[in-house]
Amino acid sequence: MTDSKAAAAAPHSNFIRNLVAQDLADNKHQGKIHTRFPPEPNGYLHIGHAKSICLNFSIAAENNGHCNLRFDDTNPAKESVEFVESIKNDIKWLGFEWSGEVRFSSLYFDQLYNFAVELIEKDKAFVCSLNAEQMREYRGSLTEPGRSSPDRDRPIKENLDLFARMREGEFGDGELSLRAKIDMAAPNINLRDPVLYRIRHVHHHQTGDKWKIYPTYDYTHCICDAIENITHSLCTLEFEDHRPLYNWTLNSLDSAGLKRVSDLADSPDTYVLPEQTEFAKLKLNYTMMGKRNLKEMVETEVVSGWNDPRMPTLAGMRRRGFTAASIRNFCESVGVARSDSVVDMGMLEHTIREDLDANASRVMCVLKPLKITLTNISADEVVQLSMANHPKYEEKGRRNVPFTREVYIDRSDFEEVPPNGFKRLIPGGEVRLRGCYVIRCDEVIKDDSGEVTELRCSVDKNTLGNKPEGRKVKGVVHWVSASEGVEVTVRLYDRLFTVENPGSKEYEDYRSNLNPNSLVTLENCVIEPAALSSADESNFQFEREGYFCLDDIDSSASKKIFNRTITLRDSWSGK
RNA sequence: UGGGGUGUCGCCAAGUGGUAAGGCACAAGGUUUUGAUCCUUGCAUUCGUUGGUUCGAAUCCAGCCACCCCAGCCA
């Protein structure tokens, strides 16, 4: 899929893989496996969707099957082409290719309508005049059975007539609905004569103004699955209670009729109905994943947009520097099961570090510059030092790093009064400039307020590529030439929330859990010139700091902006 | 208190009657011109709980407990 050096996570055993293997062994679908990813285009895709995408596409790919992309667009009021486009883009970016053309539930509105007529003719559906509030009353409660609609016994002929007129737009929104005739006393509330069609005089992003009535999810999804010959309809746990309705709908229809409008229309194969299987959706701590939450954060400008690098959206994560491979690996490593679980953010962080450690070129960038003057280097000297782009992979090549009399190191790499175990520069002490010489700090220069403004150091000229004689220098520090380095802006991103479950009802407002330091912008960072010339690379490791990527949305020709994807693991600062 | 689910290490998760995989996290060592990477080692006599069946149970049975989902003309 990519030439990523990080090994792709090996497929793990899970109950869906087992189920599919069993179905294959039983020859249930003549050896065919066909899945689908069915997003509603009412928001951007997030890491939770990625789990479902990876599952559906992988299951298909592993079994020489197919996976469709089908937009479940039955509620036009909430949907838009912007979302359709972003979703297609994100799936492609993740590295998956859907089977054939993009599908839409709305593509099948005519068939869906005809099947509804069939249900009416079979006395399995009726037109109901109860309004929303009345319907709620009639539905009963969790512990009490519901009551039948007064219209439940409306003659078939009249239902047919009314339904046709609903389609023509004769009635206003909510005036009438088409309902399945199942069982108002069913303990499963989804079976208490659920609504199949509602009247909505709204413009649809795919069908325009053709329809005044729109089918509901439960009625639509199963039939679309059947039409597309989906064998395994995978969805999340909350749809478990809907499975009986899924099956009721398909079993209520004439299967020959279903086959006639399906992709198997001309095939002699036995027609097999799709089956729904549920799995637990992905939850991640320190984040909020609900579409409503994400939308609200965008609208109230808690973040800069759907693609804010702190968002768990694929667009946000991509901008943050996450690679598609790392997200795929993450989804594989969290597994697929039926128990509600919350995955630790640390796992996600591990998978991106794993990928970037193997694949990102190393570069030096000083975040908080402290000037060093190397007193025994002449002022006009510029030495190009050749440094490996990766400590382990020679094939990643080398680059030139200019070395001059004045360089910057990070302020945190010098301490006048070092804590125990400090391995960096101290007055009179030595440290190795990474890929360069060992230097000694001879003099500390401060301003009037006592702040250190410059260090005057001397280099040991025998230490370029050599260990110093007669002593050990433990510390290695990154640096950038003051005259050759380029000023850039660096955005330090951190978790958006400070608590594991920011959306928990134990907090009255999730905003109180926002991490005030989730974005820290550093304006005067200095990066080595080579980092800006490798145009084809977007992910870097800034040595000793972390992984960063160029923000190509906000960067300008004169000022480049880098986003921190994730820090390096740090076993020192915690001590 | 109706219906549907789930409970295996701090977090994911395999396991489907033969005596507890793996990953993350954590801890301790080693290597290292990134306090990174890498390597080594450690980390559940026990599978929500109580009983039962069995030569043998995380796996089968029964009860109990905890948690999640469902009363949109959302998906």
Side-chain angles (χ1 to χ4, degrees), chain A residues 9-10 12-15 18 38-40 42 72-75 77-78 128 130-132 135-137 139-146 173-179 186-192 194-200 213-214 216-218 220-221 235-244 278 280 282 285 291 332-351 353-354 357-358 362 364 390-392 421-424 431-436 438 463 465-467 473-478 500 541-546 567-573 575:
Chain A
H12 295 291
S13 168
N14 66 47
F15 81 99
N18 294 162
E40 184 191 12
N42 67 346
D72 211 343
D73 54 349
T74 57
N75 188 9
K78 292 185 175 176
C128 181
L130 256 27
N131 63 33
M135 209 178 286
R136 194 180 321 123
E137 268 169 44
R139 191 153 34 228
S141 72
L142 293 179
T143 50
E144 300 159 314
D173 286 9
E175 233 177 280
L176 295 174
S177 64
L178 182 73
R179 292 226 261 162
N188 180 343
I189 293 178
N190 293 124
L191 264 21
R192 317 239 264 231
V195 171
L196 269 22
Y197 267 90
R198 68 286 219 203
I199 299 170
R200 289 272 185 288
I213 56 173
Y214 291 98
T216 55
Y217 164 83
D218 284 307
T220 307
H221 203 93
C235 65
T236 46
L237 253 24
E238 68 269 29
F239 292 102
E240 194 149 20
D241 290 342
H242 295 242
R243 199 192 326 149
E278 312 83 15
L282 173 70
N285 61 12
K291 233 178 228 178
E332 184 55 44
S333 72
V334 298
V336 180
R338 289 177 62 87
S339 61
D340 272 301
S341 53
V342 181
V343 174
D344 195 304
M345 186 64 108
M347 278 224 217
L348 216 209
E349 295 175 345
H350 170 261
T351 47
R353 285 194 182 106
E354 185 180 44
D357 172 62
R362 268 90 239 232
M364 292 193 289
H390 195 287
K392 286 187 208 155
F422 191 72
K423 294 204 314 195
R424 309 167 191 182
V431 79
R432 156 88 61 186
L433 293 182
R434 167 116 248 231
C436 188
V438 169
T463 55
N466 297 316
K467 299 216 186 294
V473 174
K474 267 255 166 189
V476 180
V477 140
H478 58 104
E500 290 205 26
Q541 183 195 100
F542 288 1
E543 292 212 62
R544 301 208 316 131
E545 291 289 356
T567 61
L568 253 29
R569 272 190 72 219
D570 181 4
S571 56
W572 159 248
S573 68
K575 292 197 176 174

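All heavy atoms count here, side chains included; hydrogens, waters and symmetry mates do not. Letters A, B, ... are given to chains in the order of the sequence lines, protein chains preceding strands, and every chain is numbered from 1.
Rounded to whole Å, the distance from CG on A:Asn188 to P on B:C70 is 12 Å. If you measure from atom CD of A:Glu238 to atom P of B:C70, you get 8 Å, rounded to the nearest angstrom. The distance between atom CG of A:Asn190 and atom C1' of B:A75, rounded to the nearest whole Å, is 12 Å.
For A:Arg434, the side-chain hydrogen bond (donor to acceptor under 3.5 Å, both in side chains) partners at least two apart in sequence or on another chain are A:Glu543. Taking A:Asn42 as the reference, A:Glu40, A:Lys78, A:Glu79, A:Lys291 meet the side chain to side chain contact (heavy atoms under 4.5 Å, CB included) condition, with sequence neighbours excluded. With sequence neighbours excluded, the residues that form a side chain to side chain contact (heavy atoms under 4.5 Å, CB included) with A:Thr216 are A:Val195, A:Arg198, A:Tyr219. With sequence neighbours left out, A:His350 forms a ring-ring contact (aromatic ring centres under 6.0 Å, His included) with no residue at all. Every residue was checked against the salt bridge (Lys or Arg N to Asp or Glu O under 4.0 Å) condition with A:Arg569, not counting sequence neighbours, and none meets it.
Of the N and O atoms on the side chains of A:Ser573 and A:Asp570, at least one donor lies less than 3.5 Å from an acceptor on the other residue.
Between the side chain of A:Asp241 and the base of B:G3 there is at least one donor-acceptor pair of N/O atoms closer than 3.5 Å. For B:U34, its base never sits under 3.5 Å from the side chain of A:Arg544 at any donor and acceptor pair. One cannot find a donor-acceptor pair under 3.5 Å joining the base of B:U34 and the side-chain atoms of A:Glu545.
A:Leu130 comes within contact range of at least one nucleobase, with a heavy-atom separation under 4.0 Å. A:Arg338 comes within 4.0 angstrom of the backbone, heavy atoms only, and of no base. Among the heavy atoms of the strands, none lies under 4.0 Å from A:Val438. When heavy atoms are screened at a 4.0 angstrom cut-off, A:Gln541 is found touching base atoms of the nucleic acid. Contact annotation for A:Thr351: no contact, since no heavy-atom pair falls under 4.0 Å across all strands. Across all strands, A:Asn75 comes closer than 4.0 Å only to sugar-phosphate atoms, never to a base (heavy-atom distances).
For B:C73, neither phosphate oxygen OP1 nor OP2 lies less than 4.0 angstrom from any side-chain nitrogen or oxygen of A:Arg192.
For the P atom pair drawn from B:A44 and B:G10, the interatomic distance equals 10 Å after rounding to whole Å. Spacing of C1' atoms, B:A21 relative to B:U8, comes out at 12 Å, to the nearest Å.
Mapped onto RNA chain B by nearest heavy atom, A:Lys423 and A:Ser13 fall at different nucleotides, with A:Ser13 at the one closer to the 5' end.
By the stacking rule of 5.5 Å between ring centres and under 30° between planes, A:Trp572 stacks on the base of B:G35.
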What N/O pairs connect the protein and nucleotides 20-27 of chain B at under 3.5 Å? Give each pair on its own line.
from, atom 1, to, atom 2, distance (Å)
B:C24, OP1, A:His350, NE2, 3.2

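The nucleotide whose nearest atom lies closest to any side-chain atom of A:Arg434 is, among B:C74, B:U33, B:C70, B:U33. For A:Thr216, whose side chain is taken as the heavy atoms from C-beta onward, the closest listed nucleotide among B:G35, B:U34, B:A75 is B:A75.
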